[in-house]
Amino acid sequence: MARAKIALIGAGMIGGTLAHVAAREALGDVILFDIAEGTPQGKALDIAEATAVFGSDVSLKGANDYADIAGADVCIVTAGVPRKPGMSRDDLIGINLKVMKAVGEGIKAHAPDAFVICITNPLDAMVWALQKFSGLPKEKVVGMAGVLDSARFAYFLAEKTGVSVQDIHAWTLGGHGDDMVPMVRHSTIGGLPLPDAVAAGLLSQGDLDAIVDRTRKGGGEIVALLKTGSAFYAPAESAIAMAKSYLLDQKRVLPCAVWLSGEYGLSDLYVGVPALLGAGGVEKVIEFTTNDDEKAMFKKSVESVQGLIQACKDIDASLA
Ligand code: A3D
């Protein structure tokens with residue numbers, strides 16, 4: 001059977017890391033696309049040379065022409081600009097919306113059957129615009145944010161409690177902004193929902209509150225430390241988990257920004273919810289039960305996403 005073809009649109013910090021991980025895991029042949037000349041070719045050659053060390057038969061190629069992504073099974077989009085210290089994700093909207101238009105048209109023309117994972121910020125609005133510009137089926141276009149935000153939540157819980165990250169299942173829902181919703185009742189340590197973990201003395205309520213706050217601001221913490229850009233290792237790993245669930249039909253339930261049509265009482269927008277990813281793309285949206293507090297937090301986060309979508313419509317009339 002032919003190897004899968006994975007097109008990475010954007011060969012910057014996340015794109016290069018995606019190429020490295022995809023090659024190491026022998027997930028498929030990799031096309032690294034960017035408008036910058038030399039960068040995708042240089043990174044592809046560097047990683048291709050590394051395949052002789054880690055022993056993977058996949059091929060890697062850098063490209064500046066969308067024709068090279070032809071027939072891709074998966075496209076992972078990181079094209080655009082990241083945040084610098086002092087910027088919010090929303091400050092990126094003007095530049096990155098134009099990038100989504102070019103990328104959407106490129107994917108539509110050359111890889112219309114692909115499963116598309118968007119990472120470009122502000123995530124929930126950019127994946128919405130990318131679906132519109134590409135015209136691909138909504139179940140084949142998803143955004144990566146929740147896997148990363150939930151991984152941060154899980155890591156902070158593991159660090160505080162000393163329990164293996166493997167035995168912590170954390171969930172964040174809503175938009176990928178500072179008002180995302182870490183789902184305390186639905187997240188577990190060794191099977192114990194977090195309120196029970198507090199009652200059992202695994203961590204204090206104060207620790208949990210601080211972790212929820214740190215999770216919400218997790219992206220900004222890395223931006224402040226790096227000073228030149230935003231996180232890339234954990235975002236790349238998160239998108240690879242989503243790509244694998246699609247390519248290998250694993251049917252994992254992962255928090256992703258997906259198109260909602262009635263679920264959670266919402267329609268016509270992308271927002272982060274648990275979704276089953278398999279060979280059909282988004283095969284099912286899982287609806288968590290929510291109490292009044294969670295509903296109020298989710299509503300606030302959704303309103304932020306709706307505001308960003310409106311801003312996209314104001315910038316580009318073709319989206320209205
Ligand atoms: P960076 O290293 O700057 O890479 C972006 C790449 O996009 C550069 O190589 C550019 O040359 C390229 N590019 C710009 N315009 C185009 C275009 N029109 N077509 C093709 N390529 C283009 O950034 P990065 O890899 O660190 O981050 C990429 C994006 O991901 C940014 O928007 C970040 O804000 C976002 N991001 C999202 C998350 C989420 O969890 C959603 C996390 C971290 C970063």
Side-chain angles (χ1 to χ4, degrees), residues 89 122-125 127-128 138-139 142-157 160-161 167-200 202-219 238 241-242 245 251-277 281-310:
R89 295 176 180 93
L123 189 270
D124 307 271
V127 65
W128 173 87
K138 296 183 173 91
E139 69 276 12
V142 299
M144 187 300 293
V147 178
L148 171 65
D149 297 329
S150 303
R152 286 178 174 149
F153 193 12
Y155 170 70
F156 299 149
L157 288 167
K160 180 51 71 182
T161 59
D167 297 319
I168 296 181
H169 290 96
W171 295 92
T172 56
L173 305 191
H176 181 55
D178 292 354
D179 50 15
M180 67 181 75
V181 190
M183 299 296 285
V184 168
R185 287 188 314 127
H186 300 75
S187 301
T188 57
I189 300 177
L192 284 181
L194 295 185
D196 296 354
V198 168
L202 282 176
L203 77 172
S204 71
Q205 187 61 47
D207 291 336
L208 178 55
D209 293 344
I211 286 172
V212 165
D213 186 57
R214 190 178 177 195
T215 299
R216 289 197 167 112
K217 298 174 183 156
S238 303
M242 293 166 64
S245 193
K251 304 199 188 293
R252 294 196 61 192
V253 177
L254 297 171
C256 313
V258 302
W259 176 264
L260 294 181
S261 41
E263 302 91 346
Y264 290 88
L266 295 166
S267 294
D268 300 341
L269 87 168
Y270 274 85
V271 76
V273 294
L276 189 151
L277 301 183
V282 177
E283 297 186 358
K284 197 176 180 51
V285 169
I286 308 294
E287 293 200 59
F288 279 1
T289 54
T290 46
N291 63 25
D292 288 348
D293 278 355
E294 292 154 353
K295 273 193 185 71
M297 285 189 282
F298 192 64
K299 183 168 176 278
K300 183 163 177 254
S301 182
V302 165
E303 281 165 3
S304 300
V305 173
Q306 285 165 330
L308 289 170
I309 289 176
Q310 187 56 48

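Along the sequence shown, residues carry numbers from 1.
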Within a radius of less than 6.0 Å around CZ of F288, do more than 12 heavy atoms belonging to other residues, nucleotides or ligands occur? yes
Is there side-chain contact between V285 and P274, with at least one heavy-atom pair below 4.5 Å? no
Are F153 and W171 near enough that their ring centres are under 6.0 Å apart? no
Determine, stepwise, if the pair Y270 / V305 fulfils side-chain contact (heavy atoms from CB on, under 4.5 Å). CA-CA 8 Å; Y270 274 85; V305 173; 5.9 Å; no
Salt bridge (charged side-chain N to carboxylate O under 4.0 Å, His left out) against D213, all qualifying residues, sequence neighbours excluded: K217
Can you list the steps and then say if L269 with V302 is a side-chain contact (heavy atoms from CB on, under 4.5 Å)? CA-CA 9 Å; L269 87 168; V302 165; 4.0 Å; yes
Walk me through whether V142 and M242 qualify under side-chain contact (heavy atoms from CB on, under 4.5 Å). CA-CA 9 Å; V142 299; M242 293 166 64; 3.5 Å; yes
Name the residue from I168, L208, T188 that meets the side chain to side chain contact (heavy atoms under 4.5 Å, CB included) definition with L194. L208
Hey, could you give me each pair passing side chain to side chain donor-acceptor pair (under 3.5 Å) that has a residue in residues 143-153? Not counting sequence neighbours. D149-H176, S150-T172
Non-hydrogen side-chain atoms of S187 and H169 separated by less than 4.5 Å: no
Are T289 and H186 close enough, and set up right, to give a side-chain contact (heavy atoms from CB on, under 4.5 Å), and what steps lead you there? CA-CA 9 Å; T289 54; H186 300 75; 3.8 Å; yes
Around R185, counting heavy atoms of other residues, nucleotides and ligands shown, do more than 12 lie under 6.0 Å from its CZ? yes
L260 side chain reached by V271 side chain, heavy atoms, under 4.5 Å: yes
Which atoms form the tightest heavy-atom contact between G175 and D124, and what is the distance? CA-OD2, 3.4 Å
Decide yes or no for V273 and I286: does some side-chain heavy atom of the first lie under 4.5 Å from some side-chain heavy atom of the second? no
In chain order, what residues pass the ring-ring contact (aromatic ring centres under 6.0 Å, His included) check against W128, with sequence neighbours excluded? none
Would you mind reporting whether M183 and T290 have side-chain heavy atoms less than 4.5 Å apart? yes
Mind checking whether I211 and K160 have side chains closer than 4.5 Å, heavy atoms only? yes
Please work out whether the ring planes of F298 and Y264 are parallel, tilted or perpendicular, with thresholds of 30° and 60°. tilted
